[in-house]
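Report on the structure given below.
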Amino acid sequence: MGERKTIELEEGWQFMHNGITKLKKILEGKPEEPIDADRYAHLYTTIYNMCTQKHPHDYSQQLYDRYSESFEDYINSMVLPALREKHDEFMLRELVRRWDNHKLMVRWLSRFFTYLDRYFIPRRSLPTLNEVGLICFRELIDREREGEQIDRSLLKNILGIFVEIGMGNMDYYETDFEVTMLEDSAAYYSRKSASWILEDSCPDYMLKAEECLKREKERVDHYLHAESEQKLLEKVQHELLSQYESQLLEKEHSGCHSLLRDDKVEDLSRMYRLFHKIPKGLEPVAQIFKQHVTDEGTMLVKQAEDAASNKKVEKKDTVGAQEQAFVWEVIELHDKYMQYVSMCFVNHSLFHKALKEAFEVFCNKGVAGSTSAELLATFCDNILKKGGSEKLSDDAIEDTLEKVVKLLAYISDKDLFAEFYRKKLARRLLFDKSANDDHERSILTKLKQQCGGQFTSKMEGMVTDLMLAKENQSKFEEYLRDPDNEHIHPGIDLAVTVLTTGFWPSYKSSDLNLPVEMVKCVEVFRDFYQIKTKHRKLTWIYSLGQCILSGKFNTKTMDLTLTTYQAAALLLFNSSDNLSHAEIKSQLNLTDEDIVRLLHSLACAKYKILIKEPNTKNVTQTDNFEFNANFTDKMKRIKIPLPPMDEKKKVIEDVDKDRRYAIDASIVRIMKSRKMLPYTQLVTECVEQLGRMFKPDFKAIKKRIEDLITREYLERDKDNANIFRYLA
């Protein structure tokens, strides 16, 4: 046998093209001789030869592509124009005829190209020739997706036929068209997304995905049936978004973390719009959001800690300023991400929850030895007191207080905040340090809404007490002005603030031996008060009192603003030139701690009203004191402060004591209603009940249960020590 002649691509295809044209004419009903066995064998052999020639003359791929193009050409040049010309039932008949012809053409061409089907296609895992022929009839939609102009009205009419055939029933439309169309759409977007996810940044990918979904919706409006919309969009969302969600959100330099870091609000809004349509699509976004906010907040805490440890600050005010700045930063952080939640994430509950959980993490860490509860209470004090470091307008104060109360929601030790706040509120009210009564009432209203009436009941009582005390003082002054009472006037201006014990923080009440000058004041007021009510007992808290004494020094007379303790100590020197530590302590009847504090303030601090012998910086029991007649100052009135006691320890002790009572009450309340409970369930219910005010420690609950057993409120079950019974 001689060597087979090589068939070039264009030469061989020309011969095949003639055969295909002949087949088209036959299908169109034009006068044409049928394709006999010899011609069929010749066409088949040509394909076989062109596919089995040596490289580079193996034209299998090119023939496969041209096979597909033949169908596209046939549909565009003959099928579509014929359908456009017909209407109503004539169009239906034409469609049926054309579909039958199309299937015949697929059958014949598949035979011509059989060698491709047997060898080339299986090796390359390509669609079979039969599938390619039928796909071509449906490929109009994909071609439009690629931007090609197609006759939408024609396509709408053709698809309408599927519905009309079913007399309104969608079975034909769904089985003969929709199922395949959805598969094709999924395949199309699967190919697109596979390349986009590698090439594009997260924002660019989302832009493309959003545009694709928009176009698919328009496609339904233009020529698909409305019932296809949800199914089609779900397919597209699955291929573009569900399949690549984690890859997309975690893309380096452009994923969700980067968008949050770089404040890409528009891209984050688009991310929400895309993923909220997918089942559980928002959960990973919310998780990343939560982690990002947690990291930023934790960084603020670390920076505040570093600033406190690195800066060896001498002035306490500067430390306060650092803590104040930290709270402002936390407020600003909350404002920023609250805006993200409302604007980008449309107030979705998942993102509110994520923000809450993130803030709960770092808001409960505390800074430089101060708990968040204390920091917030101090921050409020600075906002509300006269001469505070924050100079804000009334509206700004209201807005800031609102934000502080929102932050309080994230703090687990709300009872600790309440106690610190109450202490500071008491000082503002008692020493007339409150800048504005309206703001004081306003924050109490906000706290009441956030934490409940029980949270603010004592504080509200304190504010009311002050109003009543002012009225009481006015009546006392009228009482003294009465001519009938002229003989009882103590000769000293006296203002007394009467408070209700239960509302106010507990203060140390000492049996101070008042100087004679003050004793008469106390007696006059007691007589006045007993006229008003006989059922109340007055307890004098001298540690909170203030006096203004007139100090007659050699150079000039000055007014000295002092505490009651300091004033009592100085008045002793009216009758003695020199007094020892022991004599002052004995005459005043105060503790060593109080004596040391007040003598230090008068003899060792800035204003040395007393001269101490020996002249050292510390007060000891062997010291002697005398009045410093040569003291002078450029001011006519000076205030001599008493060193403040560290109240933090006492606040924490008070709160711990209150918590013990609260845990006891909760356990008894639960057991009274349940009668019998296992240990774990009792603890769980107790934590749940008390969680609004503080997070009780499991060890503390266990200890309180043991105490209640000892006090015979509860007993252990005889058969199971982990079960408790209530004893009525």
> Can you tell which of Y340, F289, Y337 makes a side chain to side chain contact (heavy atoms under 4.5 Å, CB included) with F351?
Replying inline: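 The option that passes is F289.
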Crowding at [atom1], [X] (>12 non-hydrogen neighbours, <6.0 Å):
{"X": "K433", "atom1": "NZ", "value": "no"}
{"X": "K702", "atom1": "NZ", "value": "no"}
{"X": "E706", "atom1": "CD", "value": "yes"}
{"X": "E211", "atom1": "CD", "value": "yes"}

Side chains of [X] and [Y], heavy atoms from C-beta outward: is any pair under 4.5 Å?
{"X": "I723", "Y": "R716", "value": "no"}
{"X": "D707", "Y": "R704", "value": "yes"}
{"X": "M206", "Y": "L248", "value": "yes"}
{"X": "F724", "Y": "Y713", "value": "no"}
{"X": "F362", "Y": "L300", "value": "no"}
{"X": "C212", "Y": "W196", "value": "yes"}
{"X": "D267", "Y": "D262", "value": "no"}

>> Looking at every non-hydrogen atom in both residues, tell me the closest pair between R674 and Q681 and how far apart they are.
In response: NH2-NE2, 3.0 Å
> Minimum heavy-atom separation for S190 to E239, with atom names?
Replying inline: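 Closest approach of S190 to E239, heavy atoms only: CB-OE1, 3.4 Å.
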>> Run the ring-ring contact (aromatic ring centres under 6.0 Å, His included) test on F379 and W328 for me, step by step, so that the C-alpha distance in whole Å, both residues' side-chain angles and the decisive distance to 0.1 Å come before the verdict.
In response: CA-CA 9 Å; F379 182 84; W328 273 119; 5.1 Å; yes
>> Could you go through Y410 and H334, starting from their C-alpha distance and side-chain angles, then the distance that decides it, and tell me whether this counts as ring-ring contact (aromatic ring centres under 6.0 Å, His included)?
In response: CA-CA 11 Å; Y410 306 126; H334 190 258; 5.3 Å; yes
> F275 and Y272: aromatic ring centres closer than 6.0 Å?
Replying inline: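 Not close enough - the centres of the two rings lie 6.0 Å or further apart.
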Establish, from distance only, whether the side-chain atoms of [X] and [Y] form a donor-acceptor pair under 3.5 Å.
{"X": "S412", "Y": "N364", "result": "yes"}
{"X": "D381", "Y": "T378", "result": "no"}
{"X": "Q339", "Y": "D335", "result": "no"}
{"X": "Q689", "Y": "S666", "result": "yes"}
{"X": "Q230", "Y": "E234", "result": "yes"}

> With a distance cut-off below 6.0 Å to the six-membered ring centre and an angular limit of 45° from the axis, does R428 pair with Y421 as a cation-pi contact?
Replying inline: yes
> Counting N and O atoms only, with roles assigned by atom type, does the side chain of S442 sit under 3.5 Å from a partner on the main chain of H439, one being a donor and the other an acceptor?
Replying inline: no
>> With side-chain contact (heavy atoms from CB on, under 4.5 Å) as the criterion, how do D658 and F694 come out once you've worked through the C-alpha distance, each side chain's angles and the decisive distance to 0.1 Å?
In response: CA-CA 11 Å; D658 288 344; F694 65 96; over 6 Å; no
>> What verdict does the side-chain contact (heavy atoms from CB on, under 4.5 Å) test give for L249 and C202, after you've listed the backbone C-alpha separation in whole Å, the side-chain angles of each residue and the deciding distance to 0.1 Å?
In response: CA-CA 7 Å; L249 297 180; C202 175; 5.6 Å; no
